[in-house]
A.B. asks: 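Shown below is the structure under consideration.
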Amino acid sequence: MNIFDNYLSKINEIILDNKKLLKLTTLDNLVNINLEVPPDHLDYDLSSNVSLVLAKTNKLNPINLASEIKNLLLKKESHFEKIDVARPGFINIKLSNDALVFNINKILKNKDTFGSKKYKKTYNIEFVSANPTGPMHVGHCRGAIFGDVLSNLLSFNGNKVVREYYINDYGNQIRNFVESVYLRIREIKFKEKFVVKENLYPGDYIKDIAKNIIKDNKNINVENFKNCYEELKKFSLKASMALIKDDLKKLGIEHDNFFSESELVKKNLVNITVKELQNRNFVEEGYLDPPKGEIPKNWKKVKRLIFKSTKFGDDADRALQKNDGTWTYFANDVAYHSDKISRKFDNLINILGADHTGYIKRITAAVSALSNKKVKMDCKVCQLVKLYKNGQPFKMSKRAGDFISVKELLNEVNKDSIRFMMLNRSNDAELDFDFEKVKEKTKDNPVFYVQYAYARINSISRTLKISLNDQISINVKTFQPNEYEHKIIRKIFEWPKIVESAANKLEPHKIPFYLYELSTLFHSYWSKGNEDSKFKLIQNGKIIKEDSLAFIYLIAIVIKNGMTILGVSLPEKM
RNA sequence: GCGCCUGUAGCUCAACUGGAUAGAGCGCUUGGCUACGGACCAGGAGGUUCUGGGUUCAAAUCCUAGCAGGCGCACCA
């Protein structure tokens, strides 16, 4: 339930029913009418631009129209107790006590679903898709958490979400990776020195993979790289995927589907997909222009198959074949997306790192081409994460090219803090992540601040010997919220709006920001009793004003629903 | 040279897809508070939303021309 939606449709209905009375000739921009949270300094519950929107197309004076609408609404909707018109034509609405009680009781009754909707769409969300050549590093972390929480958010809204991981287990990098493992095995077995060459993976984890392969497969013959390649590849990939899955698990992330690139090649899906595009005239044989700017030394003009992605908004047409005629990474990816389309999702979402921004246009172009523009694909980009320790840039690299792994990060800070902080910023903005800040137990640390609010609420329930799962309700006759409680009610009513906007815009960062604000209201409410004893909640182990319990419950409900979406735990004691 | 992202208080960032007096935290400043009912709270100062044009009842938000920073730009993945 979303009270803004509910009352907005009532307002729309009333307007429609009284079209003549209001002298409205056209209502074609009804969709632009909104019902929103009034500015902070005004003492109202709802605020609408109805009159401004309707006055424009009907060429009426917005203030006059607003006061006519005001009278009409006061007559037709009993939940509206007071309405005022504000320049240039807004109407501000105060809900009656009955309305507040009605809505609050509804929330108290439907705790777990408060804020959610029942959309029933299907989503495929591809995220992480880190190359299976080693463990995850911090760069993957943000996108991983973003994708996971976005999935939670969309599921919370009643959608069906498939979390997918595309395994890039094909191509040269895999060959290099396997060769690295191969050389490490020889290092162990034959005491050959591992010489770091370009393109080889030097990391210590390769040694561990090598050791384990030797341990589990005593008979493996590593005399000749070519002969043992396939077998070694199988073991190496399995090992590196195990590392990645372990990292993901520790971050609280689990994918539903792992899609292998080499399987896709094996099934001949690339050829089939390219042929399909050829048939529809989106592929041609030709030459590509050299890259703009500085032309690389080994640039060659080669005849090849090209996808005409400029037809779908890309800046240039894209190669499907490499210089040697084999398929490009992009060609494989087009086939992969063709497979996604065939699985009939309503929406496709890809979560990418900032370094893949340039890839978006071509792959969305491919999806448009493959689906006749019917399937919608959104690509969300997560900007870079910069690590800090006590305000200083933090680098662990012993050698250039080394990275900070997720494991190292988890050694420093816990999963909850990482998840919350990685989302506490718009995905479009770069993110500074300070190890020490995140460990602080102060207001500086938003994770703590929200968790602390919940812990305090639990201390109340312990004192009163009640459970937050208890079913309570409030009574119209006794209900008399004070100004602080009124603020809380309004904030709580806002929650479904936050969820909806976060889901629609694919911007989960709105959730932690909101939770922080809600926690502020709670801490403030809690502290009021110290300044003025009439605001005290508990005395001698008993609740003073029965209704104040409702506010505690409301806050607990929303914090819990919010943190569940974020995948961050809520300790009852801290 | 081209594309995408960013530019908002001293610093780090919000602003519900065009709304009202642009909000938080940190820092600064004034006050309260022996603790799971002070890990906090209340108040104050702090703004030409990068710049110039445009669109309209209304612009941080949309269009346009610039400026500054980040990421990327054959093939590779």
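Note on naming: letters A, B, ... go to the chains in the order of the sequence lines (proteins, then strands), and numbering restarts at 1 for each one. What you are looking at is a predicted structure, and each value in this text was computed from that prediction instead of being measured.
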A.B. asks: Mind calculating the distance between CG (A:L384) and P (B:rG69) to the nearest angstrom?
C.D. replies: 17 Å
A.B. asks: Using a 3.5 Å cut-off and no angle test, enumerate the donor-acceptor pairs between side-chain atoms of residues 50-60 of chain A and protein atoms at least two apart in sequence or in another chain.
C.D. replies:
residue	atom	partner	partner atom	Å
A:S51	OG	A:P62	O	2.5
A:S51	OG	A:A66	N	3.3
A:N58	OD1	A:T25	N	2.7
A:N58	OD1	A:T25	OG1	3.0
A:N58	OD1	A:T26	N	2.9
A:N58	ND2	A:T26	O	3.0
A:N58	ND2	A:L54	O	2.9

A.B. asks: Of A:K441 and A:G358, whose nearest nucleotide on RNA chain B comes first from the 5' end?
C.D. replies: A:K441
A.B. asks: Do you know which of A:F522, A:F535, A:W526 makes ring-ring contact (aromatic ring centres under 6.0 Å, His included) with A:Y484?
C.D. replies: A:F535
A.B. asks: Once you apply a heavy-atom cut-off of 4.0 Å, does A:S527 come out as touching a base, just sugar-phosphate, or nothing?
C.D. replies: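 It contacts base atoms.
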A.B. asks: For B:rG25, take OP1 and OP2 only and decide whether either is under 4.0 Å from a side-chain N or O of A:R425.
C.D. replies: no
A.B. asks: Roughly, in whole Å, what's the span from CD1 in A:I360 to C1' in B:rA77?
C.D. replies: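 The answer, rounded to whole Å, is 16 Å.
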A.B. asks: Please work out if A:H523 contacts a base, only the sugar-phosphate, or nothing of the nucleic acid, heavy-atom cut-off 4.0 Å.
C.D. replies: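 Sugar-phosphate contact only - A:H523 comes under 4.0 Å of backbone atoms but never of a base.
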A.B. asks: Under 5.5 Å between ring centres and under 30° between planes: does that hold for A:F513 against the base of B:rA24?
C.D. replies: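 One would not call A:F513 stacked on the B:rA24 base.
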A.B. asks: Taking the side chain as every heavy atom from C-beta outward, state whether A:E164 and A:Y336 have any atom pair closer than 4.5 Å.
C.D. replies: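 Yes - at least one pair of side-chain heavy atoms lies under 4.5 Å apart.
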A.B. asks: Please tell me if A:T357 has a side-chain N or O lying less than 4.0 Å from either OP1 or OP2 of B:rG72.
C.D. replies: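 Checking A:T357 against B:rG72: no side-chain N or O falls below 4.0 Å of OP1 or OP2.
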A.B. asks: Could you label the plane-to-plane angle of the A:F551 and A:Y525 rings as parallel, tilted or perpendicular, counting under 30° as parallel and over 60° as perpendicular?
C.D. replies: perpendicular
A.B. asks: Determine all donor-acceptor pairs shorter than 3.5 Å in which one atom belongs to a side chain in residues 419-427 of chain A; sequence neighbours excluded.
C.D. replies:
residue	atom	partner	partner atom	Å
A:R419	NE	A:L566	O	2.9
A:R419	NE	A:G567	O	3.3
A:R419	NH1	A:D148	OD2	3.1
A:R419	NH1	A:L251	O	2.7
A:R419	NH1	A:G252	O	3.4
A:R419	NH2	A:D148	OD2	2.6
A:R419	NH2	A:L566	O	3.1
A:S426	OG	A:D428	N	3.1
A:N427	ND2	A:V381	O	2.9

A.B. asks: Under 4.0 Å between a side-chain N/O of A:Y388 and OP1 or OP2 of B:rC11, yes or no?
C.D. replies: no
A.B. asks: Just N and O in the side chain of A:R456: are any of them under 4.0 Å from OP1 or OP2 of B:rA39?
C.D. replies: yes
A.B. asks: In whole angstrom, what separates A:R362's CZ from B:rC2's C1'?
C.D. replies: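 Taking atom C1' of B:rC2 as the reference, CZ of A:R362 is at 13 Å.
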A.B. asks: Within less than 4.0 Å of OP1 or OP2 of B:rA42, is there a side-chain N or O belonging to A:S524?
C.D. replies: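 A:S524 to B:rA42 OP1/OP2: side-chain N or O found under 4.0 Å.
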A.B. asks: Base, sugar-phosphate, or nothing for A:Y170, non-hydrogen atoms under 4.0 angstrom?
C.D. replies: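 Here A:Y170 touches the backbone only, sparing every base.
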A.B. asks: Please work out if A:A354 contacts a base, only the sugar-phosphate, or nothing of the nucleic acid, heavy-atom cut-off 4.0 Å.
C.D. replies: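 Counting heavy atoms under 4.0 Å across all strands, the contact made by A:A354 is with sugar-phosphate only.
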A.B. asks: Quick check on B:rA15: is either OP1 or OP2 less than 4.0 Å from any side-chain nitrogen or oxygen of A:H509?
C.D. replies: yes
A.B. asks: Taking the nucleotide of RNA chain B with the nearest heavy atom to each, does A:E572 or A:E261 sit closer to the 5' end?
C.D. replies: A:E572
